[in-house]
*Asks:* 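Have a look at this one.
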Protein chains: 2
Amino acid sequence: MKHHAQIFKALSDPIRLRIVLLLQSEGELCVCDLMAVLKLPQSTVSRHLAYLKRSCWVDTRREGVWMHYTLSRGSCAICKGLLQILEQHAYDLPEVASDRSALAAFLKEKPSGCS
Amino acid sequence: MKHHAQIFKALSDPIRLRIVLLLQSEGELCVCDLMAVLKLPQSTVSRHLAYLKRSCWVDTRREGVWMHYTLSRGSCAICKGLLQILEQHAYDLPEVASDRSALAAFLKEKPSGCS
DNA sequence: AAATTATATCCGTGTCTGCGGATAAATCAA
DNA sequence: TTGATTTATCCGCAGACACGGATATAATTT
């Protein structure tokens, strides 16, 4: 029960919600991607990502200096269901659309070193 | 976005999660019902119910002295989806089952005055 | 080793929220 | 009106968490 509550708590912050939706549409992102899109300081982004990891929402993959974050597929069946609901009901929000286009613009100009 | 985050925040507390699941299985409950099942003081139960109401999760119906709470059907399409997910993934939790049987036992012995 | 880049963690501060006893408000009965 | 019942709100206290600059860690490059 506590575990389920924690899953919801992880989505109870607007920034974390934006991060989860960005990961859902893009697949894999590193901290610097999210800093650019969310326009937030690095410590803030890292802190929210750590929270999402503690709550079993994301997995990490290190590639050199970069830490790549993905939605943790494979664990937490309830998370998958919640993602479907989000997909249905959150993508029409203007903030989600602008985040996605900001991400696309950033990735286009990004040097290919950090893929 | 903030609104969606608030919807999740309402489910981020174990007690509120239990209340929502009880309302989902029983339909309509008053504060005294929940006090008996959750074994919590009245102020605690009322506070959580007020939080759920602020977050568009429940509606109220006054009947004399009693205030009846129901899951607010009709508003918040995303809430309905979340309830379906909960139904699929939370009912196998032991705490949910014991809450439901405790509620059934309480309602059976309850004087019919407060229906 | 030294410098650089990306990320994680630390720190003090402020806000939010939970708790539950105490009190207030609302409703009904006598 | 008085009293009883149910519910809502108030109150001080405690813990969790958000913030973001500063610092530490990790990996790569030179």
Side-chain angles (χ1 to χ4, degrees), chain A residues 1-3 5-20 23 28-55 57-70 106-107 110-115, chain B residues 1-3 5-20 23 28-55 57-70 106-107 110-115:
Chain A
M1 178 67 69
K2 251 182 147 180
H3 178 243
Q6 182 62 35
I7 289 175
F8 286 108
K9 198 165 196 173
L11 297 188
S12 71
D13 180 275
I15 295 176
R16 285 197 294 269
L17 205 44
R18 291 168 72 192
I19 291 175
V20 166
L23 289 174
E28 193 178 55
L29 294 171
C30 61
V31 179
C32 55
D33 297 333
L34 291 166
M35 287 172 59
V37 174
L38 303 173
K39 293 194 176 67
L40 288 172
Q42 180 263 323
S43 64
T44 297
V45 175
S46 275
R47 178 168 35 80
H48 282 298
L49 286 169
Y51 195 109
L52 286 171
K53 188 171 185 182
R54 281 202 305 274
S55 311
W57 269 103
V58 301
D59 288 331
T60 55
R61 177 177 70 84
R62 181 176 279 282
E63 182 179 337
V65 186
W66 293 278
M67 192 68 83
H68 297 270
Y69 284 84
T70 56
F106 175 78
L107 290 180
K110 187 179 174 183
S112 57
C114 173
S115 76
Chain B
M1 176 66 70
K2 252 183 148 179
H3 178 242
Q6 182 62 35
I7 290 174
F8 287 108
K9 199 167 194 171
L11 297 188
S12 72
D13 180 275
I15 294 176
R16 288 197 293 268
L17 206 44
R18 290 168 73 191
I19 291 175
V20 166
L23 288 175
E28 193 177 54
L29 293 171
C30 60
V31 180
C32 56
D33 297 332
L34 291 167
M35 287 172 60
V37 173
L38 302 173
K39 294 194 176 67
L40 289 171
Q42 180 264 325
S43 65
T44 296
V45 174
S46 276
R47 177 168 36 81
H48 282 297
L49 286 169
Y51 196 112
L52 286 172
K53 189 172 185 183
R54 282 202 305 275
S55 312
W57 269 102
V58 302
D59 289 331
T60 56
R61 177 178 71 86
R62 181 175 278 281
E63 184 180 337
V65 185
W66 292 278
M67 190 68 82
H68 297 270
Y69 285 84
T70 56
F106 175 77
L107 291 179
K110 188 178 174 183
S112 57
C114 172
S115 76

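Chain naming here is simple, since letters A, B, ... match the order of the sequence lines and numbering starts at 1 in each.
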*Asks:* Please state how far atom NZ in K9(A) lies from atom P in dC17(D), giving the value in whole angstrom units.
*Replies:*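 After rounding, the gap between these two atoms is 5 Å.
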*Asks:* Tell me the interatomic distance from L38(A), atom CG, to dC19(D), atom C1', rounded to whole angstroms.
*Replies:*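 After rounding, the gap between these two atoms is 15 Å.
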*Asks:* Hey, is the side chain of Q42(A) pairing donor to acceptor with the base of dA6(C) inside 3.5 Å?
*Replies:* no
*Asks:* Counting only N and O atoms by type, is there a donor-acceptor contact under 3.5 Å from the side chain of R62(A) to the main-chain atoms of G64(A)?
*Replies:* yes
*Asks:* Of the nucleotides dA27(D), dT7(C), dG18(C), which one has an atom closest to the side chain of Y51(B)?
*Replies:* dG18(C)
*Asks:* For a quick test of reading the model: is some side-chain N or O of H48(B) closer than 4.0 Å to OP1 or OP2 of dC19(C)?
*Replies:*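 For H48(B), the contact criterion (side-chain N or O under 4.0 Å from OP1 or OP2 of dC19(C)) is met.
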*Asks:* Passes side chain to side chain contact (heavy atoms under 4.5 Å, CB included), Q6(B) versus Y51(B)? Steps please.
*Replies:* CA-CA 10 Å; Q6(B) 182 62 35; Y51(B) 196 112; 3.3 Å; yes
*Asks:* Counting only N and O atoms by type, is there a donor-acceptor contact under 3.5 Å from the side chain of R16(B) to the main-chain atoms of K9(B)?
*Replies:*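 Between the backbone of K9(B) and the side chain of R16(B) there is a qualifying donor-acceptor contact (under 3.5 Å).
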*Asks:* Return the 5'-most residue of the pair L40(B), R54(B) with respect to DNA chain C, ranking by each residue's nearest nucleotide.
*Replies:* R54(B)
*Asks:* Determine the contact category for L49(B): base if any of its heavy atoms lies under 4.0 Å from a base atom, sugar-phosphate if only primed atoms, P, OP1 or OP2 are that close, otherwise nothing.
*Replies:*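 If one applies the 4.0 Å heavy-atom cut-off, L49(B) turns out to touch nothing in the nucleic acid.
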*Asks:* Nearest to the side chain of S43(B), heavy atoms from C-beta on, is which of dC17(D), dT9(D), dA8(D)?
*Replies:* dT9(D)
*Asks:* In whole angstrom, what separates K39(A)'s NZ from dC19(D)'s P?
*Replies:*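 Distance, rounded to whole Å: 17 Å.
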*Asks:* To the nearest 0.5 angstrom, please state how far the CG atom of L17(B) sits from the NE2 atom of H3(A).
*Replies:*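 NE2 of H3(A) is found 12.0 Å from CG of L17(B).
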*Asks:* Ignoring the backbone of P41(A), work out which of dC19(D), dG20(C), dG21(D) is nearest its side chain.
*Replies:*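 When the side chain of P41(A) is considered, dG21(D) is the closest of dC19(D), dG20(C), dG21(D).
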*Asks:* Among dG21(C), dT6(D), dA8(C), which nucleotide sits nearest the side chain of V65(B)?
*Replies:*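 Nearest nucleotide to the side chain: dT6(D).
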*Asks:* Given atom CZ of R61(B) and atom C1' of dT27(C), what is their separation to the nearest angstrom?
*Replies:*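 Nearest whole value for this atom pair: 15 Å.
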*Asks:* Rounded to whole angstroms, how far apart are CH2 on W66(B) and C1' on dA29(C)?
*Replies:*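 Distance, rounded to whole Å: 11 Å.
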*Asks:* Counting heavy atoms from C-beta on, name the nucleotide in dC19(C), dA8(D), dT9(C) closest to the side chain of S46(B).
*Replies:*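 Selected nucleotide (nearest to the side chain): dA8(D).
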*Asks:* Want to settle it: does S12(A) or T60(B) sit nearer the 5' end of DNA chain D, counting the closest nucleotide to each?
*Replies:*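 With S12(A) and T60(B) compared, the 5'-side residue is T60(B).
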*Asks:* Rounded to whole angstrom units, what separation is found between the CE atom of M67(B) and the P atom of dT27(C)?
*Replies:*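 Interatomic distance, CE of M67(B) to P of dT27(C): 8 Å.
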*Asks:* Using only side-chain N and O atoms of Y69(B), determine if any of them is under 4.0 Å from OP1 or OP2 of dA8(D).
*Replies:*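 Yes, because at least one side-chain N or O of Y69(B) sits under 4.0 Å from OP1 or OP2 of dA8(D).
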*Asks:* Rounded to the nearest 0.5 Å, what's the gap from CE on M35(A) to CZ on F106(A)? Could you check?
*Replies:* 9.0 Å
*Asks:* Figure out the CZ/P separation between F8(B) and dC16(C), and round it to whole Å.
*Replies:* 22 Å
*Asks:* Look at R47(B) and dC19(C) and indicate whether a side-chain polar atom (N or O) is within less than 4.0 Å of OP1 or OP2.
*Replies:*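 Answer yes for this pair, as a side-chain N or O of R47(B) is under 4.0 Å from OP1 or OP2.
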*Asks:* If I take atom CG in residue D13(A) and atom P in nucleotide dT15(C), what distance separates them, rounded to the nearest angstrom?
*Replies:* 17 Å
